[in-house]
Protein chains: 2
Amino acid sequence: MAKTSAQKDEAGEAAGTGRRRESKEKRREQLINATIDSLARRGYASTTLANVSDGARLSRGIVNFHFDSKDNLLIETLQFMSDEYQANWKARYAASDDDTASRLAALVTADLDRAICTPRKVSAWFALMAEAKSRPAYQKLVWERDARYRACLTENCRMAKEEADYTFDPETVTAAIYAMQEGLWLRLALGGREYRRATALKTALEMLGTVFPCHFAPDGMPLLEAHRSKKGRRK
Amino acid sequence: MAKTSAQKDEAGEAAGTGRRRESKEKRREQLINATIDSLARRGYASTTLANVSDGARLSRGIVNFHFDSKDNLLIETLQFMSDEYQANWKARYAASDDDTASRLAALVTADLDRAICTPRKVSAWFALMAEAKSRPAYQKLVWERDARYRACLTENCRMAKEEADYTFDPETVTAAIYAMQEGLWLRLALGGREYRRATALKTALEMLGTVFPCHFAPDGMPLLEAHRSKKGRRK
DNA sequence: ACTTTTATTGAATGGCCATTCAATAAGTGA
DNA sequence: TCACTTATTGAATGGCCATTCAATAAAAGT
């Protein structure tokens, strides 16, 4: 992507080179942010390059200089949001207690985290996602993002099942939880004032408690392994 | 909308008039169907009036004659799908057994019914829904459709709670179930081959069984009132 | 200071698309 | 058959928008 000559790479980061490249990255991010703004405010169909460059307070030709085409700008915007999403849940997952209940809670709360679950970002995400069916490049990015998160979720559902002799099918439960998460996002994206992030989080945690009764207290707090009893299991 | 003179209305349905008006309605539905096709295949942004008229095998100017504007065509398409959706679940709800478990099952299965839950229709629905945030007319239709269904769902969650002394909050449970349904739709809309309607239905029913353990057998079949026991309740 | 590379601008271009409209066909009632 | 209404066509219009590009500014290297 960065086509600055190969010499620079082997010569390391000279001061000047470094400054130029940093500036270049800043511009790109600035433009991506303006794109997210426009997608969230105006929707996909009404987002124009003029909107984006105006939003970034730059001139008309700027996007084609940094991203070659509008199409490419949108793909890189999707990539940007996908990366940010993944970095967020992986960090929270890594930081969670060494315990299945905590890990499940971490995955679910990560999805509804302040950092990524803003009306602005969620709206922009769905604006692009809705076009994914007819755009292979989008579809691939959306699909891969989902697959990584879901794989981790399934893994922990399996683990929970072993720990507490639940009789559910881990794949089905994963599908249900993940569908709920996406549905909650969708509702936030639609943006009636009635639905807020905190409410969605409460809903999601309550559902976790219902599905994994041996792993969570009624209020949605994870139960540490020591305090669990297998009698609570259902089905 | 139909601006055919007022005389005809008071004169009743003369043979000729009737035939003309029926033809007019047929055209409109034909064009709406072509619109749904295009939305599902190409997405919102790439759906043009030329696509629609070609899809209906009619000429370029035809949409503006029957719908005045592209904007109006899309609104009426959304309305059409919204009406169809509502008619479907209301019919199934009315036909269900006089029993809370059956009613809940009817609501959930209606959403994933063959008749309305086709990849084509679900994709078109989300294509329009994604633009709803920036289009008040869309937002209103989507919101109203949701509100009617959810009100009915909440009503039955409350009823179930009373019948079996569940301790959950009916509003929260409604939000969770409904979010899951929308998430399952979204997944069908994205259209990877891996997700099918039947799988989604299984997921949804299994979740019903988990949330309302006194009302459903482990396999998702509704339990008749006579066979329920309150001991099964959780939390 | 001077050359070269890189970044930015904004006007010009060309294509696509919704909408209009004059012409025409088809159907209706006398 | 003849007026008259309604439906349909397809070419013409005008606007919007992505993309290009020549000119210019800024920065880096020498």
Side-chain angles (χ1 to χ4, degrees), chain A residues 1-9 11-31 34-35 38-39 42-77, chain B residues 1-9 11-31 34-35 38-39 42-77:
Chain A
M1 201 141 301
K3 44 176 128 181
T4 47
S5 70
Q7 307 169 355
K8 308 266 170 83
D9 283 277
E13 301 277 30
T17 306
R19 195 139 38 104
R20 262 212 305 279
R21 288 188 46 187
E22 179 190 75
S23 162
K24 203 174 172 69
E25 279 311 304
K26 281 230 179 83
R27 268 292 116 89
R28 288 170 61 89
E29 204 171 313
Q30 181 186 8
L31 288 168
T35 306
S38 179
L39 287 171
R42 304 172 208 263
Y44 186 95
S46 310
T47 287
T48 70
L49 290 190
N51 287 333
V52 172
S53 49
D54 285 358
R57 312 212 155 201
L58 292 167
S59 71
R60 291 292 139 94
I62 197 72
V63 169
N64 282 281
F65 178 76
H66 284 284
F67 291 92
D68 294 341
S69 69
K70 182 185 185 184
D71 219 62
N72 195 245
L73 168 68
L74 293 172
I75 288 171
E76 297 221 25
T77 301
Chain B
M1 201 139 301
K3 43 177 134 183
T4 48
S5 70
Q7 310 169 352
K8 307 269 170 82
D9 284 276
E13 301 278 31
T17 305
R19 193 138 40 103
R20 263 212 305 280
R21 287 187 48 185
E22 178 190 77
S23 161
K24 201 172 173 73
E25 278 312 304
K26 280 229 180 83
R27 268 292 117 88
R28 287 170 62 90
E29 203 171 314
Q30 181 186 8
L31 288 168
T35 306
S38 180
L39 287 171
R42 304 173 209 262
Y44 186 96
S46 310
T47 288
T48 69
L49 290 190
N51 287 334
V52 172
S53 48
D54 286 358
R57 311 212 156 201
L58 293 167
S59 71
R60 289 293 138 93
I62 197 71
V63 169
N64 281 283
F65 177 76
H66 283 285
F67 291 92
D68 293 341
S69 69
K70 183 185 185 185
D71 219 62
N72 194 242
L73 169 69
L74 293 172
I75 288 172
E76 297 221 23
T77 301

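Note that this is a predicted model, so its numbers are computed, not measured. Below, chain A is the first sequence line, B the second, and so on; all start at residue 1.
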**Complete:** Taken to the nearest whole Å, CZ/R42(B) to P/dC17(C) is 10 Å

**Side-chain heavy-atom pair E25(A), R28(A) within 4.5 angstrom cut-off** = yes

**Complete:** Ranking dA18(C), dT19(D), dT9(C) by distance to the side chain of K70(B), first place goes to dA18(C)

**Asked** Between atom CG in D68(A) and atom P in dT8(C), what is the gap in whole Å?
**Response** 14 Å

**Asked** Which of these nucleotides, dT9(C), dA18(C), dT8(D), is closest to any side-chain atom of I62(A)?
**Response** dT9(C)

**Request:** Look at the side chain of R60(B) and decide which nucleotide, out of dA11(D), dA18(D), dT8(D), has an atom nearest to it.
**Result:** dA11(D)

**Asked** Rounded to whole angstroms, how far apart are CZ on R57(A) and C1' on dT8(C)?
**Response** 17 Å

**Item:** Distance in angstrom units between N64(B) CG and dA22(C) C1', rounded
**Value:** 16 Å

**Request:** Calculate, to the nearest 0.5 Å, the distance between atoms CG and OG1 belonging to D54(A) and T48(A) respectively.
**Result:** 7.5 Å

**Request:** Measure from CG on N51(A) to P on dC16(D) and round the result to the nearest Å.
**Result:** 13 Å

**Contact under 4.0 Å: K24(A) side-chain N or O vs dA7(C) OP1/OP2** = yes

**Prompt:** Which whole-number value in Å describes the distance from F65(A) CZ to dA25(D) P?
**Reply:** 17 Å

**Rounded distance in Å - CG (L49(B)) to C1' (dC16(C))** = 12 Å

**Message:** So, applying side chain to side chain contact (heavy atoms under 4.5 Å, CB included) with T35(B), which one of V52(B), V63(B), L49(B) is it?
**Reply:** V52(B)

**Asked** Distance-only, no hydrogens or angles: does the R60(B) side chain make a donor-acceptor pair with backbone N or O of S53(B) under 3.5 Å?
**Response** no

**Request:** Quick one: closest heavy-atom pair of A56(B) and L31(B), and the distance?
**Result:** CB-CD2, 3.8 Å

**Request:** Please determine, for the side chain of S59(A), which listed nucleotide (dT9(C), dT8(D), dT19(C)) has the closest atom?
**Result:** dT9(C)

**Message:** So if I take every side-chain heavy atom of S69(B) and compare against dT19(C), dT9(C), dT9(D), which nucleotide ends up nearest?
**Reply:** dT19(C)

**Asked** Which whole-number value in Å describes the distance from R28(B) CZ to dA7(D) C1'?
**Response** 14 Å

